[in-house]
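Have a look at the structure below, then the notes.
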Amino acid sequence: MARDTVSVDQIINDIMLTADGDDYANNANGVVLRNYALRGIREMGFDMLKRIKSLKLPVNTDNSTIELPEDFVDYTKIGVVGSDGLIYVFGENKNQNMAMKYVLDSNDNPVDSNGDGIYDRVDAKGDATARASLSDFESYTFRNFLYEGNIGRAYGIGGGKYSGEFRINYEQNRIELYSTAGYSEVVIEYIADEARSENPSIHIYAENALRSYIYYRLIERKANVPNVEKSRARQEYYNERRLANARLKSFTKEEAFKTIRKNYKQSPKG
């Protein structure tokens, strides 16, 4: 474990060992404490304690998909590593639909082999056996123009210059790729849910904030705890949270000088 973090188990054990007999939270067991600790990590983690992870994941070549990691929350970068060691990112295309890949002719128009108004589409394995209706096609694309009986090219799907495109399918817990390069591995940089890790930990700057959160949540709904103590515990948690946030986002003297030098850098005169 990194030296700038402290494990949740260590915090829980310390709370149980140091609880006094007249403490309002002295009868809490380890399971309850751990539950509140994980909730506190989530609450603070997505705001000021974002844990960024990078993984190289294999691509399922049968359907060009990648299984999402168990602790995935949101992505920051998805791409491939080039021969120069740089990551070439993919562009997100929310209009992409793996279940709606249509057979196109030489003019990029959808093919209706039976002439029944139902377009041929390619299934996940590349077999042109599935069929899709006109209404399905228009549900995610647009007709650009109609000229001399010919349908113009579709627009509105993707854009920009990327090494490929992707869509995140949360329902099936996967990333769906669209690329002609046939990549076997993809690099993903994402925000991780620390509460799902095998040994959850928190930055040492936020240790007191997590302790205050646990105590505040433990007594929040207890009838025998005075409202004054509940208000004090709540205020203490938010004070510790602001202090932790200030420490984590501290602006050093060197960073200030670097910003000043950058802003006052003279431009070459012609």
Side-chain angles (χ1 to χ4, degrees), residues 1-10 34 37-102 121-127 140 157-206 210 245 248-249 255:
M1 181 178 294
R3 296 191 178 187
D4 61 344
T5 60
V6 57
S7 67
V8 168
D9 292 337
Q10 183 177 344
R34 185 177 181 84
L38 296 180
R39 288 171 58 183
I41 286 179
R42 277 203 179 100
E43 181 171 320
M44 292 183 287
F46 299 149
D47 295 330
M48 62 181 187
L49 296 171
K50 288 183 179 179
R51 185 67 59 89
I52 305 296
K53 287 187 178 181
S54 296
L55 292 176
K56 182 180 287 187
L57 301 175
V59 178
N60 185 343
T61 56
D62 291 337
N63 55 9
S64 298
T65 60
I66 305 166
E67 186 176 352
L68 288 172
E70 287 293 329
D71 57 351
F72 177 87
V73 176
D74 197 3
Y75 80 94
T76 58
K77 187 184 299 181
I78 297 176
V80 292
V81 179
S83 57
D84 53 4
L86 299 177
I87 296 179
Y88 292 85
V89 298
F90 294 159
E92 184 178 14
N93 185 353
K94 294 182 179 180
N95 293 316
Q96 176 183 325
N97 192 330
M98 292 195 64
M100 292 294 175
K101 292 184 179 179
Y102 294 93
R121 70 174 175 84
V122 182
D123 65 8
K125 295 182 180 180
D127 300 326
Y140 76 102
I157 307 180
K161 295 181 178 178
Y162 296 103
S163 300
E165 293 182 334
F166 71 93
R167 187 188 75 156
I168 297 181
N169 189 334
Y170 290 99
E171 183 179 352
Q172 299 184 8
N173 194 45
R174 68 186 187 184
I175 302 172
E176 299 171 350
L177 298 179
Y178 179 73
S179 174
T180 58
Y183 299 113
S184 60
E185 290 182 327
V186 167
V187 175
I188 175 173
E189 187 178 273
Y190 67 99
I191 300 173
D193 183 5
E194 180 61 22
R196 289 179 175 268
S197 64
E198 184 176 348
N199 185 21
S201 62
I202 194 170
H203 198 284
I204 196 168
Y205 285 164
L210 182 59
N245 191 34
L248 289 165
K249 298 180 179 179
E255 290 174 335

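Positions are given from 1, in the same order as the sequence printed here.
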Exercise for the section: With sequence neighbours left out, write down each residue that passes salt bridge (Lys or Arg N to Asp or Glu O under 4.0 Å) with Lys50, or none if nothing qualifies. Expected result: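 None.
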Would you indicate whether the side-chain heavy atoms of [Y] and [X] approach each other to under 4.5 Å?
X: Asp4; Y: Tyr205; result: no
X: Met44; Y: Leu210; result: yes
X: Val186; Y: Leu177; result: yes

Practice task
Could you check whether the rings of Tyr75 and Phe166 sit parallel, tilted or perpendicular, using 30° and 60° as the cut-offs?
Solution key: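 The rings of Tyr75 and Phe166 stand perpendicular, inter-plane angle above 60°.
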Exercise for the section: In sequence, state the C-alpha distance, the side-chain angles, and the governing distance for Tyr190 and Ile78, and then conclude on side chain to side chain contact (heavy atoms under 4.5 Å, CB included). Expected result: CA-CA 8 Å; Tyr190 67 99; Ile78 297 176; over 6 Å; no
Of the non-hydrogen atoms in [X] and [Y], which two are nearest, and what is the gap between them?
X: Ile41; Y: Ala195; result: CG2-N, 4.2 Å
X: Ala192; Y: Lys53; result: CB-CD, 3.8 Å
X: Asn199; Y: Glu194; result: O-OE2, 4.0 Å

Handout entry: Asp71 bridged to Arg51 by N-O distance under 4.0 Å
Key =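 Result for this pair is no, no salt bridge flagged.
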Problem - Test side chain to side chain contact (heavy atoms under 4.5 Å, CB included) applied to Asn93 and Arg167, step by step - result: CA-CA 6 Å; Asn93 185 353; Arg167 187 188 75 156; 5.8 Å; no
Practice task
Mark yes when over 12 heavy atoms from residues, nucleotides or ligands other than Glu67 sit less than 6.0 Å from its CD; otherwise mark no.
Solution key: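 At most 12 heavy atoms, drawn from other residues, nucleotides or ligands, come within 6.0 Å of this atom.
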Exercise for the section: Show your reasoning for whether side chain to side chain contact (heavy atoms under 4.5 Å, CB included) applies to Arg174 and Asn60. Expected result: CA-CA 10 Å; Arg174 68 186 187 184; Asn60 185 343; over 6 Å; no
Problem - CG on Asn169 to CD1 on Ile66, rounded to 0.5 Å - result: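 Between atom CD1 of Ile66 and atom CG of Asn169 there are 12.5 Å.
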Exercise for the section: Output the distance between atom CD1 (Ile87) and atom NZ (Lys56), rounded to the nearest 0.5 Å. Expected result: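 Rounded to the nearest 0.5 Å, the CD1-NZ separation comes to 9.0 Å.
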Practice task
Return the set of residues passing side-chain contact (heavy atoms from CB on, under 4.5 Å) with Arg34 (not counting sequence neighbours), or none when no residue passes.
Solution key: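 So Arg34 forms a side-chain contact (heavy atoms from CB on, under 4.5 Å) with Val8, Asp9, Ile12, Leu38, Pro200.
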Exercise for the section: Output all residues satisfying side-chain contact (heavy atoms from CB on, under 4.5 Å) with Val73, sequence neighbours left out; order by chain, then residue number. Expected result: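 Val73 satisfies side-chain contact (heavy atoms from CB on, under 4.5 Å) with Phe46, Ile191, Asp193 only.
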Exercise for the section: Indicate yes or no for a side-chain donor-acceptor contact from Thr76 to the backbone of Glu189 under 3.5 Å, with no hydrogens or angles considered. Expected result: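 Checking the backbone N and O of Glu189 against the side chain of Thr76, a donor-acceptor pair under 3.5 Å is found.
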Practice task
Applying side chain to side chain contact (heavy atoms under 4.5 Å, CB included), run through Phe72 and Asn173 and close with a yes or a no.
Solution key: CA-CA 10 Å; Phe72 177 87; Asn173 194 45; over 6 Å; no
